[in-house]
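Following: one structure in structure tokens, then a few remarks.
Every number for a ligand or one of its atoms is a count from 1 in the order of the listing.
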Amino acid sequence: AKDAGRNRLGRFRREMIMAAQRRAQLERDLRRALATRSLEVFYQPQFDCASKQLVGVEALVRWRHPEHGFIGPDEFIPIAESCGLIGELGTWVLEQACIDVIALGEHTGLPLSVAVNVSARQFRDNEFIEVVRNILGSTGLPAARLELELTETVLMDDVSRAAGFMHALRSLGVRMSIDDFGTGYSSLAYLQSFPIDQLKLDRSFVRPLPRDGATLAGAVIALAHSFNLTVVAEGVETAEQLAWLRAAGCDVMQGYLLGRPAPLEALRSAAGLAVA
Ligand code: C2E
Ligand code: CA
Ligand code: CA
Ligand code: CA
């Protein structure tokens, strides 16, 4: 038993070391990938629930690692945050997203919007406002077509600073969304304190629809509307979920049923598409 315990400990230690090594390697490689612009931005389409029209896209960053293959943002964004690369990465994604949505907008003839995820670290940097202003200026994207997605956790870090910062961003004309809404601890009180335009109903609320979860999802939609916010449903995977959301008055939807995140080129050829 003693040996088994020691073996477990040995294996645990080896796993810790391997995880640390992978992280250190990823950190080096991410630095290089950024420098050589070998990250990619994919776009997932968003559709208006009522008109079924394509209304926008969400920018989702991708990394194809030369050895490890595809690495998801859930793994490398935290690395970028902890090693100080998130500013550069976030700025690059934001600029690329603005450039691409202008192209997609011209291609489709629709004033499409683009939603860009903002990490905690980015949001904490006071220069972020200047970065956004400069990118809007240099790309020429009308501010109203840019949405910035923040999570509840980011806001709760420092409530009064966050509120002031959001007001400043919003005075540029950009729209502010709360991502993964309902998964945090503090969902209600802050709706009053923050200048928000939109809630993104987390896919954990969408998944059980329509058999279960209708009360919760319905309550979020009603709550959002009572605060004059629009609601985007995330993770729509079935026709039944789609029908339920449409009937419940949800504004915008996004999910694998309607379109997976894809390179700009793929969207260009699929664009013009409306949901059946
Ligand atoms: P998120 O912002 O909540 O993005 C939604 C995630 O759900 C994406 O994963 C998307 O591919 C996935 N998804 C979309 N539709 C469906 C569906 O119908 N079913 C299921 N099961 N999943 C769906 P992804 O692209 O792996 O991104 C993961 C997270 O990484 C994002 O979650 C976001 O928090 C973060 N992220 C992605 N791109 C960026 C970025 O450029 N900057 C920052 N700071 N974070 C990013
Ligand atoms: Ca998001
Ligand atoms: Ca989300
Ligand atoms: Ca998420």
Side-chain angles (χ1 to χ4, degrees), residues 30 33-34 37 39-47 56-65 69-101 113-125 128 131-132 135 146-155 175-184 187 196-209 217 220 231-242 245 250 252-264 266-267 275:
L30 185 59
L34 253 177
R37 295 287 178 256
L39 299 174
E40 264 185 82
V41 186
F42 275 27
Y43 297 94
Q44 184 173 34
Q46 301 178 323
F47 294 88
V57 292
E58 177 174 3
L60 295 159
V61 68
R62 295 287 180 263
W63 182 16
R64 254 185 270 271
H65 190 279
F70 166 78
I71 299 174
D74 280 331
E75 184 173 7
F76 71 84
I77 294 288
I79 296 178
E81 283 211 303
S82 69
C83 70
L85 289 173
I86 193 66
E88 195 186 333
L89 189 154
T91 300
W92 177 76
V93 170
L94 185 63
E95 182 170 29
Q96 194 61 51
C98 292
I99 291 170
D100 286 348
V101 80
S113 62
V114 66
V116 177
N117 293 285
V118 179
S119 81
R121 265 286 188 81
Q122 268 178 295
F123 189 72
R124 231 177 280 141
D125 182 358
F128 183 63
V131 169
V132 174
I135 289 177
L146 177 63
E147 287 166 13
L148 297 176
E149 297 195 354
L150 302 166
T151 60
E152 297 167 69
T153 343
V154 171
L155 298 185
R175 288 164 48 83
M176 307 299 295
S177 299
I178 305 299
D179 204 354
D180 305 340
F181 183 78
T183 60
S187 307
I196 302 167
D197 299 286
Q198 181 163 272
L199 301 182
K200 295 195 79 175
L201 180 64
D202 190 69
R203 73 168 176 270
S204 58
F205 294 99
V206 173
R207 193 182 303 121
L209 295 173
V220 172
V231 188
V232 181
E234 298 191 286
V236 179
E237 294 183 352
T238 70
E240 290 74 25
Q241 291 166 348
L242 183 153
L245 289 161
C250 182
V252 174
M253 56 197 169
Q254 175 181 356
Y256 291 168
L257 177 72
L258 305 156
R260 294 197 173 235
L264 181 71
L267 254 150
V275 195

Can you sort out which atoms of ligand 1 are near [X], meaning under 4.0 Å from one of its heavy atoms?
| X | result |
| --- | --- |
| Gly235 | 16 (C), 17 (C), 18 (O) |
| Pro261 | 11 (O) |
| Gly255 | 15 (N), 18 (O) |
| Glu58 | 2 (O), 4 (O) |
| Asp179 | 1 (P), 2 (O), 3 (O) |
| Glu234 | 3 (O) |
| Pro73 | 24 (P), 25 (O), 26 (O), 27 (O), 28 (C), 30 (O), 36 (N), 37 (C) |
| Val93 | 41 (O) |

Counting only heavy atoms, which portion of [X] has something under 4.0 Å from ligand 1: side chain, backbone, both, or neither?
| X | value |
| --- | --- |
| Arg203 | side chain |
| Leu60 | both |
| Ile77 | side chain |
| Ser119 | both |
| Arg62 | side chain |
| Gln44 | side chain |

*Is Ser177 close enough to the Ca ion (ligand 2) to have an N, O or S atom under 3.0 Å?*
no
*Short check: any N/O/S atom of Glu149 below 3.0 Å from the Ca ion (ligand 2)?*
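Yes, Glu149 qualifies, because one of its backbone or side-chain N, O or S atoms lies under 3.0 Å.
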*Please round to the nearest 0.5 Å and tell me the distance separating atom CD1 of Ile86 and atom CD1 of Ile79.*
11.0 Å
_Euclidean distance, Asp180 CG relative to Leu150 CG, rounded to 0.5 Å_ = 11.0 Å
Under 3.5 Å donor-acceptor, [X] side chain and [Y] backbone:
| X | Y | value |
| --- | --- | --- |
| Arg62 | Phe42 | no |
| Asp179 | Glu149 | no |
| Gln241 | Thr238 | yes |

Between [X] and [Y], a side-chain donor and acceptor under 3.5 Å:
| X | Y | value |
| --- | --- | --- |
| Gln254 | Gln46 | yes |
| Gln44 | Glu58 | no |
| Glu147 | Gln198 | yes |

Residue pair [X] / [Y], side-chain heavy-atom distance below 4.5 Å:
| X | Y | answer |
| --- | --- | --- |
| Leu245 | Val206 | yes |
| Gln122 | Ser119 | yes |
| Leu94 | Leu148 | yes |
| Leu89 | Phe76 | yes |

*Determine, considering heavy atoms only, which of Tyr256, Phe70, Phe123, Phe42 sits nearest to atom 18 (O) of ligand 1.*
Tyr256
*Option nearest atom 46 (C) of ligand 1 (shortest heavy-atom distance, choices Asp180, Asn117, Leu150)*: Asn117
_Between the Ca ion (ligand 3) and Asp180, which N, O or S atom of the residue is the nearest one?_
OD1
*Over all heavy atoms of both residues, which pair between Ser204 and Thr183 is shortest? Give the atoms and the distance, please.*
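The answer is OG-CG2, 4.1 Å.
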*What's the atom name of the N, O or S in Glu58 nearest to the Ca ion (ligand 2)?*
OE2
*Consider every N or O of Val61 and every N or O of ligand 1, then say whether any pair is closer than 3.5 Å.*
yes
*To the nearest 10°, what's the angle at the Ca ion (ligand 2) between atoms OD2 (Asp179) and OD1 (Asn117)?*
90°
